[in-house]
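Counting convention: from 1, in listed order, for ligands and their atoms alike. Bear in mind that the values here come from a model prediction, so they are computed numbers and not experimental data.
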Amino acid sequence: MKKNILSDLSVLVSLCKQRGYIYQSSEIYGGLNSCWDYGPLGVNLKRNIKEAWWKAMTYREDVVGLDASILMHPKVWKASGHIDGFSDPLVDCKDCKNRFRLDHAILKENKNVCPKCESFSITESRQFNLMFKTNLGPVEDEGSQVYLRPETAQGIFVNFDNVQKSTRKKLPFGIAQIGKSFRNEITPGNFIFRTREFEQMEMQYFVTPKDDKKHFEFWKEQRINFCENLGIKKENLRFSQHGPKELAHYAKEAFDIEYKFPFGWQEIEGIHNRSDFDLKQHQKFSGKKLEYFDDTTQKKFLPFVIETAIGCDRLLLAILCDAYTEEIKILENGKEDKRVYLNLHHSLAPYKVAILPLSKKEELTTIAKKLQTDLSKKYHVEYDHSGSIGKRYRRQDEIGTPLCITVDFDSIDDSAITIRHLKTMEQKRIKLDQVMSYISDFLAK
Ligand code: ATP
């Protein structure tokens, strides 16, 4: 019998801590609300996700990469609308003192009530800007005030002309970027789902305005395929279209890719037709022409932009939720035997192989260490020789290591080892000189 049950995040949060995926930030000081640190396994998983995204988005003729700075000229945020518009209406409950977003209030008898204590006694709403402020240089005055970017997209827009001229790209072409963004979210939560510091993977695709629909449909399909190719189950992914009321001020059309988290369907990625809004705004506020010259029609115009914007941390959470598997077997004595494993796509797994010698005796260690050295030239390899083999398998299962190699006493005579597969637990005896090709064939699938 097989079951995949992740009814809430608490099991995953503790697995992540125990196995070294994700820890609470500054934990020894009591933690910092909504900030998380990626441990030795988490950092590898995150790097693999970013690498998969980077490959999917930039290993193509029409998309180039960029790494813009986090601090930008304050006028950028005036032009983008973030200074005036990037805020949430906040209200306070006069009874329980809870502060919450107005759109999180519950409707009762046609009135907004506190979502915590259901009191009707709530204050008028106030606007709260989500951008973090800091100062550039030693003087802390109005003139030195800058912001931590709340999205990476603006770094792309302000470099549109630089990139186009230096690469001589013709429309349609895109600029992709991975980087940290910061939002002083009012209600962060659900582990790494909504945090105040997070990493985004965004791509802005510049197109001739009349072709916007075609490119929008193309990227919508590409992006959902990307999630499926990372192993996320089809039935846990869906599109959700923004209605006229939800559309952001810059958007002409928008779809979210949603994932079915244990706490419900939620956005993981946005695909937006931003029209020429951003380039027009930056052209106006900077006074610099940002038009594109089409040498076939000999016409100048501002391109439209199709944006794909996904949060790396949020995608990582979706991947972990999707991979978490509990397999329950009823033993002959009627008791339940539970195996927990992370069914990660092997391209994402932090370790590809774990080498588990059955004993610390020198004859076995020599074979195991040689394998480790050889395999480490190509893969992230874990070496573990302590504890019972059952416990070591269990640990690798929870980490999501696709292949475990056991070196046993027969290995000395038959120059072979046993490879155990994570998902099927199938075991295969492989000659030492064929281990590398066996692994690379398996991982290439
Ligand atoms: P939400 O409605 O959840 O606040 P958003 O619509 O404001 O998200 P975008 O501005 O479109 O999000 O950002 C693109 C992506 O960045 C989101 O789909 C999400 O994956 C990620 N993201 C946005 N805000 C956060 C956050 N506070 N923490 C983690 N990831 C985030």
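- Nearest non-hydrogen protein atom to atom 28 (N) of ligand 1 is T195 N, 3.0 Å.
- Scanning all protein heavy atoms for the shortest distance to atom 30 (N) of ligand 1 gives F198 CD1, 3.5 Å.
- Here R314 has side-chain heavy atoms under 4.0 Å from ligand 1, and that is the only part of it that gets that close.
- Formation of a donor-acceptor pair under 3.5 Å by the S14 side chain with backbone atoms of V11 is found in this model.
- Applying side chain to side chain contact (heavy atoms under 4.5 Å, CB included) to I122 and the options V113, D92, N112 leaves one that passes, N112.
- Looking only at distances, no side-chain donor or acceptor of D397 sits under 3.5 Å from a matching main-chain atom of Y341.
- A heavy-atom separation below 4.0 Å is found between I268 and ligand 1.
- With R183, R196, E258 as candidates, the residue nearest to atom 24 (N) of ligand 1 on a non-hydrogen basis is R183.
- Residue E267 has at least one nitrogen or oxygen atom sitting less than 3.5 Å from a nitrogen or oxygen atom of ligand 1, judged on distance alone.
- With a 4.0 Å cut-off on non-hydrogen atoms, Q266 does not touch ligand 1 at all.
- Across all their heavy atoms, H282 and F157 have their closest contact at CD2-CB, 3.8 Å.
- When only non-hydrogen protein atoms are considered, atom 4 (O) of ligand 1 lies nearest to R194 NH1, 2.7 Å.
- Geometrically, R149 does not engage F182 in a cation-pi contact defined by less than 6.0 Å to the ring centre and at most 45° from the axis.
- Those atoms of ligand 1 with a heavy atom of E185 less than 4.0 angstrom away are 24 (N), 26 (C), 27 (N).
- Checked by atom type and distance alone, the side chain of R183 never pairs as donor or acceptor with a backbone atom of R196 at under 3.5 Å.
- Inter-residue side-chain proximity for D313 and Y38 is flagged as met; some heavy-atom pair is nearer than 4.5 Å.
- Within ligand 1, the atoms closer than 4.0 Å to a non-hydrogen atom of G311 are 15 (C), 16 (O), 19 (C), 20 (O), 21 (C), numbered from 1 in the order shown.
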Stepwise, does the side chain to side chain contact (heavy atoms under 4.5 Å, CB included) test hold for L403 with H421? CA-CA 5 Å; L403 299 171; H421 288 252; 3.6 Å; yes

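- Distances from ligand 1 to the non-hydrogen atoms of E151 include no value under 4.0 Å.
- Within ligand 1, counting atoms from 1 as listed, the ones closer than 4.0 Å to a heavy atom of F193 are 28 (N), 29 (C), 30 (N).
- Among residue pairs with one or both ends in residues 20-36, those qualifying as salt bridge (Lys or Arg N to Asp or Glu O under 4.0 Å) are K17-E27; sequence neighbours excluded.
- At the shortest separation from atom 16 (O) of ligand 1 among protein heavy atoms lies Q200 NE2, 3.2 Å.
- Counting heavy atoms only, A309 comes closest to atom 15 (C) of ligand 1 of the residues P150, A309, A248, P188.
- In this structure, K220 satisfies the cation-pi test against F239, with its NZ or CZ atom closer than 6.0 Å to the six-membered ring centre and inside 45 degrees of the ring normal.
- Residue-level proximity to ligand 1 for H272 is carried by the side chain, the only part with a heavy atom below 4.0 angstrom.
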